[in-house]
Asks: 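Dumping the structure here so I can ask a few things about it.
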Number of protein chains: 2
Amino acid sequence: MSKQLDMAAGENCVCFNLRWVTRAVTQFYDAEMRRHGIRPTQGSILASLNSKDSWNMAELSDWLGMERTTLVRNLRPLQRDGFVKAVGGGRGNRVELTITTKGRKQVESLTPAWKAAQSAVVKTLGEKRWSAILSDLETAALALNK
Amino acid sequence: MSKQLDMAAGENCVCFNLRWVTRAVTQFYDAEMRRHGIRPTQGSILASLNSKDSWNMAELSDWLGMERTTLVRNLRPLQRDGFVKAVGGGRGNRVELTITTKGRKQVESLTPAWKAAQSAVVKTLGEKRWSAILSDLETAALALNK
DNA sequence: ACATGTTGTGTGTATATGCACTACTACGAC
DNA sequence: GTCGTAGTAGTGCATATACACACAACATGT
């Protein structure tokens with residue numbers, strides 16, 4: 001049987017459905033990661049910082065697809081907890097963002113929890129289907145950013 | 001060429017990718033809807049209220065897949081602006097949530113903006129793929145809620 | 001009548017998100 | 001040199017999110 005949804009019907013709002021699923025998935029990852037004192041969003045930021053020596057604000061926000069001013073605020077708990085160091089910055093000045101040693105340790109100790117969540121989520125549809133979905137969603141998101 | 005992603009690699013975190021795409025899609029819908037003074041999340045809530053005469057808090061949060069305490073707060077701007085009426089409520093008492101006449105009018109005047117955004121987003125991948133993706137994502141989200 | 005468990009609602013605190021706006025720097029045109 | 005413009009970073013305000021907790025009403029067993 002086909003699973004066609006009527007995309008002109010309000011109940012099938014792409015935005016609402018994506019937000020709904022994202023809430024559920026985020027809660028699932030969060031449940032695995034919270035005992036390390038790190039949220040999924042923060043984990044993504046740390047992982048990016050861990051993959052390249054130095055970033056400035058605009059570069060990193062671009063990479064993460066996160067609004068620049070959102071990133072400014074999302075970095076604060078990570079700076080407060082000593083996972084990220086920001087040198088320079090202030091109005092008009094470039095800031096140099098780097099992950100600290102403590103931050104790298106956090107990424108490492110976090111990895112098993114992330115893997116557990118990721119693997120459980122991937123199992124729901126299988127790797128192939130998830131790969132196709134993420135690839136399609138990336139296509140859609142990039143098309144909207146034009 | 002195949003588009004297989006390595007789902008064990010950190011860059012392909014399902015949570016991060018869903019959050020990223022959802023941010024982009026939400027911004028897109030929001031750009032269409034904001035001139036009506038309504039955000040996408042609020043629109044979803046109003047549309048639900050519009051589809052059934054009376055809800056209480058737990059029912060509606062369940063229907064929306066939105067944490068109950070999140071819904072309590074998300075309703076506030078809608079009550080403040082006179083789109084939703086809450087009768088009863090308070091600690092321990094059931095609340096009866098209903099959309100007002102003003103709320104119904106808002107839903108109607110909002111519909112063209114929603115349709116414009118929905119249609120533009122659907123065009124990025126085509127109706128068929130979006131239907132399949134939403135259907136799969138629903139399967140995944142339900143599996144995680146077990 | 002009373003204890004108790006279940007259901008239903010709201011608050012405290014913290015993070016996540018983004019538009020409009022401010023403010024400073026750097027650099028090129030002149 | 002200075003003037004304008006593009007680039008970069010941060011703030012004000014409002015919404016969105018959810019866990020831990022508090023509290024009230026109700027059913028039910030004793």
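Residue numbering restarts at 1 for every chain, and letters A, B, ... go by the order of the sequence lines. The structure displayed is predicted, hence computed values, not measured ones.
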Asks: Return no unless some side-chain N or O of R80(B) is found under 4.0 Å from OP1 or OP2 of dA14(D).
Replies: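 The answer is no; no side-chain N or O of R80(B) sits under 4.0 Å from OP1 or OP2.
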Asks: In terms of the nearest nucleotide of DNA chain D, which residue is placed more toward the 5' end: Q27(A) or G88(A)?
Replies: G88(A)
Asks: Give a yes/no answer on whether the side chain of R94(A) brings an N or O atom under 4.0 Å of OP1 or OP2 in dG10(D).
Replies: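 Looking at the OP1 and OP2 atoms of dG10(D), neither is under 4.0 Å from any side-chain N or O of R94(A).
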Asks: Just how far, in rounded Å, is P of dA14(C) from CG of L78(A)?
Replies: 16 Å
Asks: Can you figure out which of dT25(C), dA16(D), dG10(D) approaches the side chain of R76(A) most closely?
Replies: dG10(D)
Asks: dT13(C) P sits how many Å from R39(A) CZ, rounded?
Replies: 16 Å
Asks: Between the main-chain N or O of R34(A) and the side-chain N or O of R39(A), is there a donor-acceptor pair closer than 3.5 Å?
Replies: no
Asks: dA16(C) P sits how many Å from M33(A) CE, rounded?
Replies: 11 Å
Asks: Other residues, nucleotides and ligands only: do more than 12 of their heavy atoms fall within 6.0 Å of NZ on K102(B)?
Replies: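 Enclosed: over 12 neighbouring heavy atoms sit under 6.0 Å from NZ of K102(B).
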Asks: Below 4.0 angstrom, which residues in residues 62-71 of chain B have at least one non-hydrogen atom near DNA chain C?
Replies: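 Heavy-atom contacts with DNA chain C come from R68(B), T69(B).
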Asks: Round to the nearest Å and state the distance from N56(B) atom CG to dT7(C) atom P.
Replies: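 Distance, rounded to whole Å: 13 Å.
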Asks: Quick one: are F83(A) and I38(A) in side-chain contact, heavy atoms under 4.5 Å?
Replies: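 When only atoms from C-beta onward are counted, I38(A) and F83(A) do touch, with a gap below 4.5 Å.
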Asks: Would you say the side chains of T22(B) and T22(A) form a donor-acceptor pair under 3.5 Å?
Replies: yes
Asks: Is the closest basic N to carboxylate O distance between E59(B) and K52(B) below 4.0 Å?
Replies: yes
Asks: Would a single hydrophobic cluster contain both L75(A) and V87(A), if residues Ile, Leu, Val, Met, Phe, Trp and Tyr are joined by side-chain heavy-atom contacts under 4.5 Å?
Replies: no
Asks: Give one of base, sugar-phosphate or nothing for R73(B), where a contact means two heavy atoms less than 4.0 Å apart.
Replies: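 Base contact.
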Asks: Rounded to whole Å, please give me the gap between OH in Y29(B) and C1' in dA16(D).
Replies: 18 Å
Asks: M57(B) CE to dT11(C) C1': how many Å, rounded?
Replies: 13 Å
Asks: Starting at CG of L97(A) and ending at C1' of dG10(D), how long is that distance when rounded to a whole Å?
Replies: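 After rounding, the gap between these two atoms is 13 Å.
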Asks: Assess the residue pair Q118(B) and Y29(B) against the criterion (side-chain contact (heavy atoms from CB on, under 4.5 Å)); give the C-alpha distance rounded to whole Å, side-chain angles, the decisive distance to 0.1 Å, and a yes or no.
Replies: CA-CA 8 Å; Q118(B) 174 85 351; Y29(B) 278 76; 2.4 Å; yes
Asks: Heavy atoms only, 4.0 Å cut-off, all strands: where does D30(A) land among base, sugar-phosphate and nothing?
Replies: nothing
Asks: Within this structure, what is the CG-to-P distance between L60(A) and dG10(D), rounded to whole angstrom?
Replies: 12 Å
Asks: Look at N74(B) and dT15(D) and indicate whether a side-chain polar atom (N or O) is within less than 4.0 Å of OP1 or OP2.
Replies: no
Asks: Is there a side-chain polar atom (N or O) of N93(A) under 4.0 Å from OP1 or OP2 of dT8(D)?
Replies: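 So the side-chain polar atoms of N93(A) never come under 4.0 Å of the phosphate oxygens OP1 or OP2 of dT8(D).
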